[in-house]
Amino acid sequence: MEQQTGHLIDAAAELIARSKRTVAFTGAGVSTESGIPDFRSPGGIWSKFDPEDFTYQKFLADPGARRKHWELIRGSFSATARPNPAHYAIAELGRMGKLECVITQNVDDLHQRAGSQGQKVFELHGNLKWAVCLSCHERYSSDEVARWLESGVEVPDCPACHGVLKPAAVFFGESLPVAVLQAATEHARACDLMLVIGSTLTVYPAAYMPVYALESGARVIIVNLSPTPLDRDAAVLIRGKAG
């Protein structure tokens, strides 16, 4: 098995070396080795919470739903999480000039903390580094909000205007940021190689990114523990952990 995996890694490395425009597409599986749980695996976040309780509409309408959102965020995303070898390897590809950009479904800021340039990381689902007031649009760091939660505040509001405070991540039923989605789509269509890491490719519209790459004639490398809908289309398929 190790010999077979080594052969696949060599094949992937050769494709990256030959590529002129490689784009990385990452999902929750790239961060599980940093201690951040994914959503759909056994023991993942949705085995502990009901996804139906976490829509954007419920967050706006129901203080009880907002309390559940903040409970999930407080319990599931550790501020002490650190980048793992997968994040550092992706950042190193960028430093080597072998990576155009990173398109990510993740909201944990670990790509940037590993050294990937912020302007080259397209966060389709936002970033939990910030919370934003939906009334006055004032922004607060997650560290500051975490201190409020630790002090016993269950549903933090905006200190400036007491408006509804929302994590700067995209919720179910909420539109993806238009400019980010457009830029990511353009990069996906223009690449000649897409490196898919740690994504089940089942959450849309984000999962269209490797489809756009394939439609444009790009090769695709998939590194993931579980099967994806595009496994048959992959030039190289590595069934394993991202790190």
Side-chain angles (χ1 to χ4, degrees), residues 1-33 38-41 83-108 110-111 114 116-117 120-125 170 176 180-243:
M1 182 65 179
E2 288 185 6
Q3 185 176 2
Q4 181 183 12
T5 302
H7 172 72
L8 292 172
I9 291 172
D10 288 343
E14 184 174 350
L15 285 177
I16 294 170
R18 291 181 177 179
S19 166
K20 301 299 183 185
R21 295 183 307 279
T22 299
V23 167
F25 176 82
T26 66
V30 83
S31 293
T32 52
E33 291 166 88
D38 66 8
F39 290 86
R40 289 167 176 78
S41 298
N84 66 57
H87 297 107
Y88 287 117
I90 291 167
E92 181 63 20
L93 284 175
R95 280 190 290 270
M96 293 169 63
K98 294 303 299 180
L99 194 65
E100 290 279 303
C101 67
V102 180
I103 302 171
T104 187
Q105 297 171 276
N106 296 343
V107 295
D108 52 35
L110 291 182
H111 283 301
S116 291
Q117 295 180 27
K120 292 187 176 182
V121 179
F122 297 96
E123 296 169 310
L124 296 177
H125 295 159
V170 175
L176 271 60
V180 174
L181 180 59
Q182 181 177 346
T185 299
E186 291 172 357
H187 281 288
R189 292 192 185 279
C191 74
D192 60 11
L193 178 67
M194 181 166 284
L195 183 56
V196 176
I197 310 171
S199 176
T200 58
L201 299 180
T202 56
V203 177
Y204 294 89
Y208 284 125
M209 296 300 146
V211 175
Y212 296 151
L214 286 165
E215 288 176 347
S216 299
R219 312 289 291 279
V220 171
I221 298 169
I222 296 178
V223 182
N224 199 53
L225 271 175
S226 59
T228 82
L230 294 183
D231 284 357
R232 292 182 180 180
D233 299 299
V236 178
L237 173 63
I238 299 175
R239 188 77 71 227
K241 293 182 178 179

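Computed from a prediction, not measured in an experiment: that's the story for all the values here.
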Next item on the list: Quick one: list whatever passes side-chain hydrogen bond (donor to acceptor under 3.5 Å, both in side chains) with Glu14, sequence neighbours left out.
Entry: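 Scan of Glu14 (side-chain hydrogen bond (donor to acceptor under 3.5 Å, both in side chains), adjacent residues dropped) gives Arg18.
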Margin query: Checking Ser199 now: which residues fulfil side-chain hydrogen bond (donor to acceptor under 3.5 Å, both in side chains) with it, not counting sequence neighbours?
Written below: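 Scan of Ser199 (side-chain hydrogen bond (donor to acceptor under 3.5 Å, both in side chains), adjacent residues dropped) gives Gln105.
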Side chain to side chain, [X] and [Y], heavy atoms closer than 4.5 Å:
| X | Y | answer |
| --- | --- | --- |
| Leu201 | Val196 | yes |
| Val107 | Glu123 | no |
| Thr185 | Tyr208 | no |
| Leu193 | Cys191 | no |
| Asn106 | His125 | no |
| Ile90 | Val30 | yes |

Just grab all the salt bridge (charged side-chain N to carboxylate O under 4.0 Å, His left out) pairs involving [range], residues at least two apart or on different chains.
| range | result |
| --- | --- |
| residues 216-234 | Asp231-Arg239 |
| residues 85-104 | Glu92-Arg95 |
| residues 195-207 | none |

Nearest 0.5 angstrom please: [X] [atom1] to [Y] [atom2], how far?
| X | Y | atom1 | atom2 | result |
| --- | --- | --- | --- | --- |
| Cys101 | Phe25 | SG | CZ | 11.5 Å |
| Asn224 | Thr26 | CG | OG1 | 11.5 Å |
| Leu195 | Ile222 | CG | CD1 | 10.0 Å |
| Leu93 | Ile16 | CG | CD1 | 5.5 Å |

Next item on the list: Could I get the full list of salt bridge (charged side-chain N to carboxylate O under 4.0 Å, His left out) partners for Glu33, not counting sequence neighbours?
Entry: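 In terms of salt bridge (charged side-chain N to carboxylate O under 4.0 Å, His left out), with neighbours along the sequence ignored, Glu33 is linked to no residue.
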Residues in side chain to side chain contact (heavy atoms under 4.5 Å, CB included) with [X], at least two apart?
| X | answer |
| --- | --- |
| Val236 | Leu8, Ala11, Ala12, Leu15, Ile221, Ile238 |
| Gln117 | Gln119, Lys120 |
| Ala13 | none |

Shortest non-hydrogen separation from [X] to [Y] and the atoms involved:
| X | Y | answer |
| --- | --- | --- |
| Gly29 | Thr32 | O-OG1, 3.3 Å |
| Pro85 | Gly243 | CB-O, 4.0 Å |
| Gly240 | Val223 | O-CG1, 4.1 Å |

Margin query: Donor-acceptor pair, distance only, cut-off 3.5 Å: does the side chain of Asp192 make one with the backbone of Arg21?
Written below: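 Judged by distance alone, yes, a pair lies under 3.5 Å.
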Margin query: Is it the case that the side chain of Ser31 and the backbone of Ala28 share a donor-acceptor pair, with hydrogens and angles ignored and the cut-off at 3.5 Å?
Written below: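 Judged by distance alone, no pair lies under 3.5 Å.
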Anything under 3.5 Å between a donor and an acceptor, one on a side chain of residues 209-218, the other on a protein residue two or more places apart or in another chain? List them.
{"unit_1": "Ser216", "atom_1": "OG", "unit_2": "Arg189", "atom_2": "O", "d": "3.1"}
{"unit_1": "Ser216", "atom_1": "OG", "unit_2": "Tyr212", "atom_2": "O", "d": "3.1"}

Check: Excluding sequence neighbours, so at least two apart, what forms ring-ring contact (aromatic ring centres under 6.0 Å, His included) with His187?
Finding: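 With neighbours one apart ignored, the set is Phe122.
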Check: side-chain contact (heavy atoms from CB on, under 4.5 Å) between Leu124 and Val170: does it pass, once the steps are laid out?
Finding: CA-CA 8 Å; Leu124 296 177; Val170 175; over 6 Å; no
